[in-house]
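What follows is one structure encoded as structure tokens, with my remarks underneath.
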Amino acid sequence: MQNIFQGSREFARRHELDALAPTRAAVAAPAQLGELGELAAIAKKEIPGVRISETALEQFWKHDQHSIFAFRSGANLLGGIAFLYLNSSGMDALLLDEIDLTQPSREYLAGAGEEVEAIYVWALAARGRGAVAIANVARFLRGPRFVSADYYAQPSSRDGRALLVTLGFKPIASFQPDLWCYQRPWNRVPSAMQSTHVSVQRSLTRSVADARH
């Protein structure tokens, strides 16, 4: 996740992503084609070493026009967030570090009307109170197409890591380096089943590792 997060007090307290209340302090809406250039410029200015271009954003926008959201306050563009909506093959490729996250193959991306298996936070750039608009995006991603999909991200900065912790993400074991996951509350295993679930997960991980070698 290419990320900039500049100290909004709205997120000072730990608060789960799916529990965030929608806000009127900033508006989040699917980005329009004409906004992509400005969003790319904000990312380049605010994120050290960013490689996001208008052309790259446009490619993802054309594939799925709900994959990029713009944050606004009145007429001011405050930033935005972009996602990769992965299908089942894409989710497997993510966990196994077999996907190029800078230019992912379309075979790993869910079609525009297809149910999403995993939501990868590809890029986030937000200035000032623009970050609070994440709550409005989270509400959209509780819709039928996305509701079963957990979120995944890779922090690229200390601020990005702090934001993930605040929103309830946790690092997970995977072949993908420094991969974090936010598991939707309705997908979580009850505490009484945790030990069994962990044992099964470890066995599956060992099996996958053995298969790869």
Look at the rings of Phe140 and Phe69 and say which category their plane angle falls in: under 30° parallel, 30 to 60° tilted, over 60° perpendicular. perpendicular

Take the angle between the ring planes of Tyr182 and Phe169 and call it parallel below 30°, perpendicular above 60°, tilted in between. tilted

Quick check: does any side chain N or O of Tyr85 sit under 3.5 Å from a backbone N or O of Phe146, one acting as donor and the other as acceptor? no

To the nearest 0.5 Å, how far apart are CD in Glu38 and CD in Gln32? 13.0 Å

Quick one: do Tyr151 and Val147 end up in the same hydrophobic cluster if we chain Ile, Leu, Val, Met, Phe, Trp and Tyr together by side-chain heavy atoms under 4.5 Å apart? no

Looking only at heavy atoms, which two atoms of Gly160 and Pro155 are closest? And how far apart? C-CB, 4.0 Å

Tightest non-hydrogen contact, residues Pro22 and Asn136, listed as CA-OD1, 3.2 Å

Here the gap from Ile68 atom CD1 to Glu35 atom CD, rounded to the nearest 0.5 Å, amounts to 10.5 Å

Quick one: CD on Gln103 to CZ on Arg106, what's the gap to the nearest 0.5 Å? 9.0 Å

Nearest 0.5 Å, what's the CZ-CG distance between Phe83 and Leu141? 5.0 Å

Can a donor-acceptor pair be found, under 3.5 Å and without considering hydrogens, that links the side chain of Arg72 to the backbone of Ala75? yes

Derivation of the side chain to side chain contact (heavy atoms under 4.5 Å, CB included) call for Ile119 and Arg184: CA-CA 11 Å; Ile119 301 169; Arg184 311 301 281 269; 4.0 Å; yes

Drop me the distance from Leu164's CG to Asp159's CG, to the nearest 0.5 angstrom. 11.0 Å

Go through it in stages, so that I can follow the logic: the residues are Asp18 and Trp186, the test is side chain to side chain contact (heavy atoms under 4.5 Å, CB included), and I'd like the CA-CA distance, side-chain angles, deciding distance and then a yes or no. CA-CA 10 Å; Asp18 279 311; Trp186 40 88; 3.8 Å; yes

Closest heavy-atom contact between Ala40 and Glu54? CB-N, 3.7 Å

Let me see the working for Ile42 and Leu77 under side chain to side chain contact (heavy atoms under 4.5 Å, CB included), right down to the final yes or no. CA-CA 9 Å; Ile42 291 174; Leu77 185 62; 4.0 Å; yes

Provide the closest heavy-atom pair for Ser73 versus Leu78 in the form atom of the first, atom of the second, distance. CB-CD1, 3.7 Å

Determine whether the aromatic ring centres of Tyr152 and Tyr120 lie less than 6.0 Å apart. no

Could you work out, with side-chain hydrogen bond (donor to acceptor under 3.5 Å, both in side chains) as the rule, every residue matching Gln176, not counting sequence neighbours? Asp97, Gln154

Are Val121 and Ile81 close enough, and set up right, to give a side chain to side chain contact (heavy atoms under 4.5 Å, CB included), and what steps lead you there? CA-CA 8 Å; Val121 185; Ile81 190 167; 4.0 Å; yes

Measure from the side-chain N and O atoms of Asn187 to the backbone N and O of Ala149, and report whether any donor-acceptor pair falls under 3.5 Å. no

Using a 4.5 Å cut-off on heavy atoms from C-beta on, say whether the side chain of Leu94 contacts that of Leu101. yes

Report yes or no: does Trp61 contribute a side-chain atom to a donor-acceptor pair with the main-chain N or O of Ala31 at less than 3.5 Å? yes

Keeping Asp100 on the side-chain end and Thr102 on the backbone end, is there a donor-acceptor pair under 3.5 Å? yes

Can you tell if the side chain of Glu98 reaches within under 4.5 Å of the side chain of Phe175, non-hydrogen atoms only? no

Looking at Arg145 and Ala112, would you say the former's side chain and the latter's main chain have a donor-acceptor pair under 3.5 Å? yes

d(Leu86 CG, Asp92 CG) to nearest 0.5 Å is 10.0 Å

Treating Tyr108 as the side-chain partner and Leu84 as the backbone partner, does any N or O pair qualify as donor plus acceptor under 3.5 Å? no

Please identify each residue that fulfils salt bridge (Lys or Arg N to Asp or Glu O under 4.0 Å) with Glu58, with sequence neighbours left out. Lys62

